[in-house]
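What follows is a set of notes on a single structure, which appears directly below.
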Amino acid sequence: MAVRHYTLDFNLSTAVDPASTVSGLLSIFHEQELTETIHDTGGHGYLATFVGKNGRFVVLRVHSHGLVTVDLQCYEEDDIAQLDNLLNALENKLKVLLNGNITRIKKLPALLRGAKVDRYWPTADGRLIEYDIDKVVYEEDSEYQNIKILHSQQYGNILVLDGDVNLAESDSAYTRAITGSGKENYAGKEVLILGGGDGGILAELVKQKPKMITMVEISFTELLLDFYIDQKVIDGCKKYMRKTCGDILDNLKGDCYQILIQDCVPLLKKYVQEGRTFDYVINDLTAIPISTSPEEDSTWEFLRLILDLSIKVLHPSGKYFTQGNSANLTEALNLFEERLGRLSCPVDFHKEVVCVPSYLEQWVFYTAWKK
């Protein structure tokens with residue numbers, strides 16, 4: 001059973017007398033059989049709660065600095081028409097009572113809390129986004145993580161790993177950016193993809209007839225015990241993300257690609273020892289960490305390790321592609337760029353800012369190459 005949470009806010013040009021304001025609203029609450037309890041705020045305006053027999057709960061507050069807020073909670077099954085009538089009646093009454101003193105009225109759509117299908121996901125910079133998700137099409141708990149594929153009316157199916165939005169079927173802009181924005185020729189080239197469990201990068205590059213693509217599809221290190229991409233991600237995507245991956249994940253091996261389900265770190269170290277190189281290395285394992293305290297965040301150490309090993313297996317004329325993070329996370333992006341300048345092999349780099357549809361924010365992508 002879910003709960004709906006409605007909000008109604010009135011910004012005022014000057015503070016008002018709570019007693020005269022509230023007295024004009026009480027009849028509306030009483031008509032809805034809501035019983036009030038007045039609370040002591042220690043001189044910070046007026047606060048009352050109203051409880052109804054049907055489980056409705058209202059918080060009315062007249063703030064001393066010139067703001068009136070109404071919060072209404074009810075069960076999802078409650079009569080929406082009645083709730084709208086209640087909020088409209090309160091809004092109309094307050095317009096009369098506060099005539100000439102209102103600078104802004106804001107009524108937000110109801111938050112649906114505790115629903116079976118979660119529609120709320122945060123952006124990288126901490127803003128709350130409500131998606132038009134109407135069903136869960138796939139959910140599995142693997143040995144490593146929780147995997148969900150959710151259906152959005154606007155974005156198609158969305159892959160979500162441990163609560164983090166990874167990719168939607170509409171996010172071709174992401175795939176295009178992390179493979180060079182259409183400026184690269186992969187024909188006859190050796191390509192290494194780290195991660196990429198949704199299959200989008202692999203499906204796109206196979207079209208260009210590379211010599212061989214090696215995609216390594218799990219990462220487990222002592223540095224980062226809580227980050228994995230695994231076989232169950234592939235299982236879900238090849239069935240429910242086919243607009244992204246096509247049929248490329250139906251087989252782990254094809255004429256010009258192979259998918260290896262193993263830890264990428266030992267494999268990268270092995271390639272370094274063997275002197276093997278790739279024309280392109282595409283890191284789709286994880287975004288740059290939000291934390292700006294690298295010494296306290298193992299993800300930064302993991303990122304440094306992958307970055308250093310990737311550059312070592314990069315052909316002298318090759319290119320390294322990776323996602324960054326939200327363009328708003330300037331401190332974290334600057335830290336990453338500092339790390340690019342401290343690798344064992346010197347590199348140059350440039351970055352590109354791209355709007356990824358389902359992320360609802362500008363996303364930074366990096367290209368690096370050996371000096």
Side-chain angles (χ1 to χ4, degrees), residues 1-12 15-99 101-122 127-137 139 146 148 150-154 160 163:
M1 180 179 291
V3 171
R4 293 185 182 276
H5 189 148
Y6 297 84
T7 58
L8 178 59
D9 299 337
F10 291 79
N11 286 82
L12 310 179
V16 296
D17 174 50
S20 60
T21 302
V22 173
S23 61
L25 300 176
L26 291 180
S27 61
I28 297 174
F29 291 112
H30 294 161
E31 287 172 5
Q32 296 286 333
E33 297 185 329
L34 292 159
T35 304
E36 74 268 17
T37 301
I38 299 173
H39 303 270
D40 182 8
T41 64
H44 296 284
Y46 173 92
L47 172 63
T49 54
F50 299 81
V51 179
K53 294 179 180 179
N54 53 5
R56 293 176 189 170
F57 179 72
V58 181
V59 178
L60 170 65
R61 186 152 195 179
V62 181
H63 299 263
S64 56
H65 62 279
L67 174 66
V68 178
T69 59
V70 179
D71 291 87
L72 167 61
Q73 294 184 27
C74 62
Y75 291 116
E76 183 181 11
E77 297 78 9
D78 206 336
D79 189 319
I80 294 179
Q82 287 186 12
L83 298 170
D84 285 340
N85 288 337
L86 171 57
L87 290 170
N88 289 336
L90 290 170
E91 181 177 353
N92 291 332
K93 190 66 174 179
L94 280 166
K95 286 179 179 177
V96 174
L97 294 170
L98 304 173
N99 183 35
N101 194 17
I102 300 173
T103 59
R104 185 178 65 203
I105 300 173
K106 190 72 173 181
K107 181 164 62 175
L108 298 175
L111 287 170
L112 191 60
R113 302 169 63 182
K116 183 177 181 181
V117 178
D118 189 3
R119 303 177 62 168
Y120 305 99
W121 302 91
R127 293 173 291 112
L128 183 63
I129 298 296
E130 179 178 3
Y131 288 88
D132 56 349
I133 293 168
D134 53 17
K135 62 181 175 179
V136 178
V137 298
E139 182 169 12
N146 175 260
K148 289 187 181 75
L150 310 173
H151 178 260
S152 159
Q153 299 175 56
Q154 182 173 196
V160 179

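Counting begins at 1 with the first residue of the sequence. Values below: all heavy atoms of this structure, side chains included; hydrogens, waters and symmetry mates excluded.
Atoms CZ and NE2, on Phe50 and His30 in that order, are 6.5 Å from each other to the nearest 0.5 Å. Expressed to the nearest 0.5 Å, how far CG of Leu97 lies from CG of Leu90 amounts to 10.5 Å. The distance from the NE2 atom of His151 to the CG atom of Asp132 is 8.0 Å, given to the nearest 0.5 Å. Rounding to the nearest 0.5 Å places CG of Leu83 at 8.5 Å from CZ of Arg4. Annotation: the span from Thr103 atom OG1 to Asn101 atom CG amounts to 8.0 Å, rounded to 0.5 Å.
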- Message: I'd like to know whether Asp118 forms a side-chain contact (heavy atoms from CB on, under 4.5 Å) with Lys148, so could you lay out the CA-CA distance, the side-chain angles of the two residues, the decisive distance to 0.1 Å, and finally the verdict.
- Response: CA-CA 11 Å; Asp118 189 3; Lys148 289 187 181 75; over 6 Å; no
With a 3.5 Å cut-off and sequence neighbours excluded, list the donor-acceptor pairs that the side chains of residues 17-25 form with protein atoms.
| unit_1 | atom_1 | unit_2 | atom_2 | d |
| --- | --- | --- | --- | --- |
| Asp17 | OD2 | Ser20 | N | 3.2 |
| Asp17 | OD2 | Ser20 | OG | 3.3 |
| Ser20 | OG | Asp17 | O | 3.1 |
| Thr21 | OG1 | Asp17 | O | 3.1 |
| Ser23 | OG | Ala19 | O | 3.2 |
| Ser23 | OG | Ser20 | O | 3.1 |

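For the side-chain contact (heavy atoms from CB on, under 4.5 Å) with Tyr46, the qualifying choice from Thr41, Leu60, Val68 is Leu60, the only one to do so.
Under the 3.5 Å distance criterion, with hydrogens and angles disregarded, no donor-acceptor pair is assigned to the side chains of Thr69 and Asp9.
Remark: the backbone N or O of Tyr131 is paired with a side-chain donor or acceptor of Arg119 at under 3.5 angstrom. Judged by distance alone, with hydrogens and angles left aside, the side-chain atoms of Tyr6 form no donor-acceptor pair with the main-chain N or O of Val70 at under 3.5 Å.
Taking both residues in full, the closest heavy atoms of Leu111 and Tyr120 are given as CA-OH, 3.3 Å, listed atom of the first, atom of the second, then distance. Closest of all the heavy-atom pairs between Phe29 and Val58 is CE2-CG1, 3.7 Å. Leu12 and Ile102 get closest at one heavy-atom pair: CD2-CG1, 4.0 Å. Taking all atoms of both residues into account, the shortest heavy-atom contact from Leu150 to Val136 is CD2-CG2, 3.5 Å. Contact record, Gly52 with Leu34: N-CD2, 3.3 Å, taken as the closest heavy-atom pair. In this structure, Phe10 and Leu8 approach most closely via the heavy-atom pair CE1-CG, 3.5 Å.
Taking the side-chain contact (heavy atoms from CB on, under 4.5 Å) definition, one finds that Ala89 meets it with Ile28, sequence neighbours left out.
Every pair passing salt bridge (Lys or Arg N to Asp or Glu O under 4.0 Å) that includes a residue from residues 68-93 is listed here, sequence neighbours excluded: Arg56-Asp78, Glu91-Lys95, Glu91-Lys107.
Side-chain contact between Leu128 and Glu130: absent, with no pair of heavy atoms (C-beta onward) separated by less than 4.5 Å.
For Arg113, the CZ atom is loosely surrounded, since the number of other residues' heavy atoms within 6.0 Å does not exceed 12. Other residues, nucleotides and ligands contribute at most 12 non-hydrogen atoms within 6.0 Å of the OH atom of Tyr75.
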